Amino acid sequence: MRIVTWNINSVRLRMPIVEKLTQQVAPDVICLQETKVHDDQFPFQDIQALGYPHIAINGIKGYNGVCILSKHPLSDIGSHSWTGKSDGRHIYATLPNGVEVHSLYVPAGGDEPDRAINDKFGHKLDFVDEMAVWFGQNRKATDKIMVMGDLNIAPLEHDVWSHKQLLKIVSHTPIEVEKFNAAQTAFGWVDCMRKFVPDEEKLYTWWSYRSKDWRAANKGRRLDHAWATPALADQVTAMQVLSDARDWEKPSDHVPVILDLAG
DNA sequence: ATGGTCGGTTGCCGA
């Protein structure tokens, strides 16, 4: 079972590279974020033609939006309105093997890392706080659950190109990292990317559009994550960041993260 | 220290 997460930055505009992903990677399940399309306008037929007949979506007009595309039937589809907003940041569904997959898009948080002057930063902090609470109240850590998505926080020193230079940059501030770690440990989530790559090794999933040569500059961040409950983490056999996708035609600024599951 | 580029609810806002 191969599961991919990818912040696609407009699913309609990226259909050619979604197709490329399906051809090159052959995922069973694809979690997308920032689809930027209302459910009414979702490209169902194009997606289904790629071999993904089972689709769970939570989209709104113009921004945010998440979905799960699957070769296998999806059951028990749902979403939670984080911080009380129905703003297309969450969808989940259960696969035939009993694994519940969540596609999640955490708020980016704006530019100023101070909730007193930036509401978007406060929203992000509240959202991550709620992650610690919601899973604890609504799910069991003994079940097989996976959270895939753009969590918009790079928690480790080597999840960013320069720890020191990014300490005051939203996505890597101490308060965000503290809340991220609290949400992760509260439920016992296993980081399925760092399970395969040592903490001391640089690991990125996003490179800004504002760079002439993203590969040469390599000023990346690991904003996208794959978390699994301990029971499921043992079944995760491989992880790959598809960095080459950053060079595909009309790319997203994020690249796919690929997980392989036994069973 | 600054600005750089994308996408869509476009001539701005969010990322």
Side-chain angles (χ1 to χ4, degrees), chain A residues 5-21 31-43 46-47 57-67 82-83 85-90 103-115 117-128 148-155 159-173 175-177 180 204-225 243-257:
Chain A
T5 184
W6 194 10
N7 178 318
I8 197 66
N9 188 14
S10 173
V11 68
R12 286 176 293 182
L13 203 60
R14 305 296 172 218
M15 276 311 298
I17 60 173
V18 171
E19 179 170 14
K20 191 163 180 166
L21 175 81
C31 299
L32 299 177
Q33 300 85 37
E34 276 206 269
T35 53
K36 294 187 172 179
V37 62
H38 190 276
D39 295 352
D40 292 345
Q41 310 268 13
F42 191 87
D46 292 340
I47 297 282
I57 49 173
N58 182 10
I60 60 174
K61 190 177 179 181
Y63 64 103
N64 298 350
V66 295
C67 67
W82 302 86
T83 71
K85 298 175 196 287
S86 299
D87 57 353
R89 294 185 178 276
H90 183 218
S103 181
L104 189 64
Y105 178 48
V106 172
D111 288 332
E112 197 60 52
D114 179 356
R115 69 179 307 157
I117 57 170
N118 174 14
D119 290 342
K120 291 198 280 276
F121 193 68
H123 178 216
K124 181 180 197 174
L125 297 180
D126 293 344
F127 192 109
V128 178
M148 310 282 285
D150 178 2
L151 305 188
N152 264 318
I153 295 172
D159 289 339
V160 295
W161 63 276
S162 169
H163 173 62
K164 199 175 171 183
Q165 285 180 256
L166 282 146
L167 277 170
K168 291 179 179 172
I169 303 297
V170 172
S171 73
H172 194 63
T173 64
I175 182 72
E176 289 172 89
V177 171
F180 181 99
Y204 312 139
T205 64
W206 172 89
W207 292 263
S208 172
Y209 284 126
R210 304 172 187 175
S211 174
K212 278 192 183 116
D213 187 343
W214 71 275
R215 206 185 278 277
N218 200 24
K219 293 182 173 179
R221 303 179 205 168
R222 183 168 72 114
L223 302 179
D224 302 276
H225 295 269
S243 305
D244 286 351
R246 189 63 181 75
D247 271 337
W248 289 354
E249 196 170 345
K250 297 261 307 170
S252 170
D253 44 358
H254 295 251
V255 299
V257 177

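So you know, we letter chains A, B, ... as the sequences are listed, proteins then strands, and number each from 1. Because the structure is a prediction, the values reported are computed rather than measured.
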Sorted by first residue and then second, give each salt bridge (charged side-chain N to carboxylate O under 4.0 Å, His left out) pair with at least one member in residues 31-41 of chain A; sequence neighbours left out. A:Glu34-A:Lys36
Using chain A heavy atoms and a threshold of under 4.0 Å, write down where along DNA chain B the contacts begin and end, 5' to 3'. B:dG4 to B:dA15
My understanding is that only residues two or more places apart in sequence, or in another chain, count here; which of them pass ring-ring contact (aromatic ring centres under 6.0 Å, His included) with A:Phe127? A:Trp82
Please answer whether the main-chain N or O of A:Val66 pairs with a side-chain N or O of A:Asn64 as donor and acceptor at a distance below 3.5 Å. no
Does A:Asp213 have any side chain to side chain donor-acceptor pair (under 3.5 Å) partners at least two apart in sequence or in another chain, and if so, which? none
Side chain to side chain donor-acceptor pair (under 3.5 Å) with A:Asp46: which residues, sequence neighbours excluded? none
With A:Gln165 via side chain to side chain donor-acceptor pair (under 3.5 Å) - residues at least two apart: A:Ser162
Taking the P atom of each, how far is B:dT5 from B:dT9, in whole Å? 22 Å
Check ring-ring contact (aromatic ring centres under 6.0 Å, His included) between A:Tyr63 and all other residues, then give those that pass, not counting sequence neighbours. none
First encountered from the 5' end of DNA chain B, between A:Val11 and A:Asp150: A:Val11
Just to verify, what does A:Asn152 make a side chain to side chain donor-acceptor pair (under 3.5 Å) with, not counting sequence neighbours? none
Can you tell me how far C1' in B:dG7 sits from the matching atom in B:dT2, rounded to whole Å? 24 Å
Residues in contact with DNA chain B, drawn from residues 207-219 of chain A - heavy-atom cutoff 4.0 Å: A:Tyr209, A:Arg210
Can you tell me, in whole Å, how much space there is between the C1' of B:dT10 and that of B:dA15? 15 Å
Which is more 5' along DNA chain B, the nucleotide nearest A:Gly62 or the one nearest A:Ala108? Just name the residue. A:Gly62
Measuring only the C1' atom in each nucleotide, how far is B:dG11 from B:dC6? A whole number of Å is fine. 16 Å
